[in-house]
A.B. asks: 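Please find one structure pasted underneath; my questions will follow.
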Amino acid sequence: MNHSISKELFEKAQKLIPGGVNSPVRAFKAVGGNPIFIKKAKGAHIYDENDNQYIELINSWGPMILGHANEMIAEAMQKVLADSWSFGAPTRREVEMAELIIEMMPSIEKVRLVNSGTEACLSAVRAARGYTQREKIIKFSGCYHGHADSFLIAAGSGAVTFGTPDSLGVTQGVANDTLIANYNDLNSVQTLVDANENKIAAIIIEPVAGNMGLVLPEKDFLEGLRNICDKNNIVLIFDEVMTGFRLAKGGVQERFGVKADLTTLGKIIGGGLPVGAYGGKTEIMNCIAPAGKVYQAGTLSGNPLAMSAGLAMLNYLNSTPEVYQKLENIGEKITSGIQKINQKMGLSYTLNAVGSMFTLFFTTQKVFDFGSALQCDLALFGKYFQSMLKKGVYLAPSQFESLFLSTALSDENIAQILDAHERSLKEIL
Ligand SMILES: *Cc1c(COP(=O)(O)O)cnc(C)c1O
């Protein structure tokens, strides 16, 4: 496979852009080699600058849940253009978007639209702090909530991949207000809550974690968090930037039946354009300016083009429940196929999966938190990644990521993925 143009572009990019990429997870640092530069995509396939074709298992880290260049979403965006695409003033689509989000996510009573998942999470925490008039938050080791200062502490994939779990530039003062608990370990949460009575504003969590590889909440873990929050007047924030509109129409909260006080959304919500949102209980959301005294703003928030793409996406997901069954089936076919191949080869690697998300961990130990995720054989994963890429399957370039499936994957694509998996294992082991 010829990657000459990607290589040239990357060489140039490294002189112009830090590390040659605009988001660290795009670099191939953890797996070796240069990132491939994408030229275009359609359905289940992406094409690089040298016109190599790959089956897509990242889908822009989630948003392209219907596959690439979906015509319905493209048409919705085209309709906007003649009427101009930014006003910095209220528009009808924002109201429609808010209404739709509230319908799809039952714990959300009021919602504010922003431009990224990062913004959603940092704003939700600010809202919780304003509402409770408390300063500290609890987050979980290995969970990622965007790159705001308070979250860059034990922050999962991007940070771990580069061996800097704590970013330079985050002050000790900020770090002191972020307490770290272990995923699936209620005792670690209770201990922090007991030691910081009436000081904790919020617990923020990925209720299904996708940023240390895919890690599922064990039975009663989310309920346990709900109880601790209720008893101690702590705001429970579910970061559903990845899982919202993916694991079910109403995200993890619908699928696992536990409700958050505040929810953060991103990725799918913009249909591939930059959109985020945070919302929840009216009482808390009414603290946000101009209704209340917690300031949060955005020049491009609710941008017409982004709203049109997001509305087309969410309307479709809301009115087409079959889509979720289809995603389950695709996920089941791929993961059971991988398991079968692994068994046939006498391998018992851990595969965590739910719906259209999964991670194959190169460890035989159970992966239930960040510590157990770190047991993986990263060198072997790197070889596997490269081998899959050569066979035309584009995986996330880090062991500590989930893969994201789209409805565009056909049975033929699935067979190709499984064939590449089997041949890759044979090659690298
Ligand atoms: C991607 C992600 C974010 C950050 O969203 P951006 O749009 O990249 O800022 C936050 N939380 C989770 C769980 C994510 O997966």
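Numbers here simply count residues along the sequence, with the first being 1.
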A.B. asks: Closest heavy-atom contact between I330 and S406?
C.D. replies: CD1-O, 3.6 Å
A.B. asks: May I ask you to check whether T243 and E206 show a side-chain donor-acceptor distance below 3.5 Å?
C.D. replies: no
A.B. asks: Under 3.5 Å, is there a donor-acceptor pair between the S356 and R246 side chains?
C.D. replies: yes
A.B. asks: Any idea which heavy atoms bring A277 and A120 closest together, and the distance?
C.D. replies: O-CB, 3.3 Å
A.B. asks: Between Q296 and R126, is any side-chain donor less than 3.5 angstrom from a side-chain acceptor?
C.D. replies: no
A.B. asks: Is the shortest side-chain heavy-atom distance between F140 and N182 below 4.5 Å?
C.D. replies: no
A.B. asks: Can you tell me how far CG of D83 sits from CG of L305, rounded to the nearest 0.5 angstrom?
C.D. replies: 12.0 Å
A.B. asks: Supply the atom-to-atom distance K40 NZ to E49 CD, rounded to the nearest 0.5 angstrom.
C.D. replies: 10.5 Å
A.B. asks: Are any non-hydrogen side-chain atoms of I65 and N59 less than 4.5 angstrom apart?
C.D. replies: no
A.B. asks: Angle class for the F362/F381 ring planes (parallel below 30°, perpendicular above 60°, tilted otherwise)?
C.D. replies: perpendicular
A.B. asks: CZ of F87: more than 12 outside heavy atoms within 6.0 angstrom?
C.D. replies: yes
A.B. asks: Do H145 and D239 have side-chain atoms, one donor and one acceptor, less than 3.5 Å apart?
C.D. replies: yes
A.B. asks: Below 6.0 angstrom between ring centroids: does that apply to Y183 and F221?
C.D. replies: yes
A.B. asks: Cation-pi check, K366 to F368: give yes when NZ or CZ is under 6.0 Å from the six-membered ring centre and within 45° of the ring axis, no otherwise.
C.D. replies: yes
A.B. asks: Would you kindly check if the NZ (Lys) or CZ (Arg) of K39 is within the cone defined by 45 degrees around the ring axis of Y47 and under 6.0 Å from the six-membered ring centre?
C.D. replies: no
A.B. asks: Between OH of Y54 and CD1 of I46, what distance do you get to the nearest 0.5 Å?
C.D. replies: 7.5 Å
A.B. asks: Nearest 0.5 Å, what's the CD-CG distance between E401 and L57?
C.D. replies: 13.5 Å
A.B. asks: Would you say the side chains of E94 and T91 form a donor-acceptor pair under 3.5 Å?
C.D. replies: yes
A.B. asks: What heavy-atom pair brings I205 and C143 nearest, and what distance separates the two atoms?
C.D. replies: CG1-SG, 4.4 Å
A.B. asks: Is there a donor in the side chain of H45 and an acceptor in the side chain of E56, or the other way round, less than 3.5 Å apart?
C.D. replies: no
A.B. asks: Are S4 and N50 linked by a side-chain donor-acceptor pair shorter than 3.5 Å?
C.D. replies: yes
A.B. asks: Under a plain distance cut-off of 3.5 Å, with no hydrogens placed, do N329 and Q325 share a side-chain donor-acceptor pair?
C.D. replies: yes
A.B. asks: Quick one: do the Q253 and S107 side chains pair a donor with an acceptor below 3.5 Å?
C.D. replies: yes
A.B. asks: Once rounded to the nearest 0.5 Å, what's the spacing between atom CG of L222 and atom NZ of K259?
C.D. replies: 14.5 Å
A.B. asks: With a 3.5 Å cut-off and no angle check, do the side chains of N352 and T359 form a donor-acceptor pair?
C.D. replies: no
A.B. asks: Any side-chain heavy atom of Y278 within less than 4.5 Å of one from L265?
C.D. replies: no
A.B. asks: Which pair of non-hydrogen atoms, one from V252 and one from P207, has the smallest distance, and what is that distance?
C.D. replies: CG1-CB, 3.5 Å
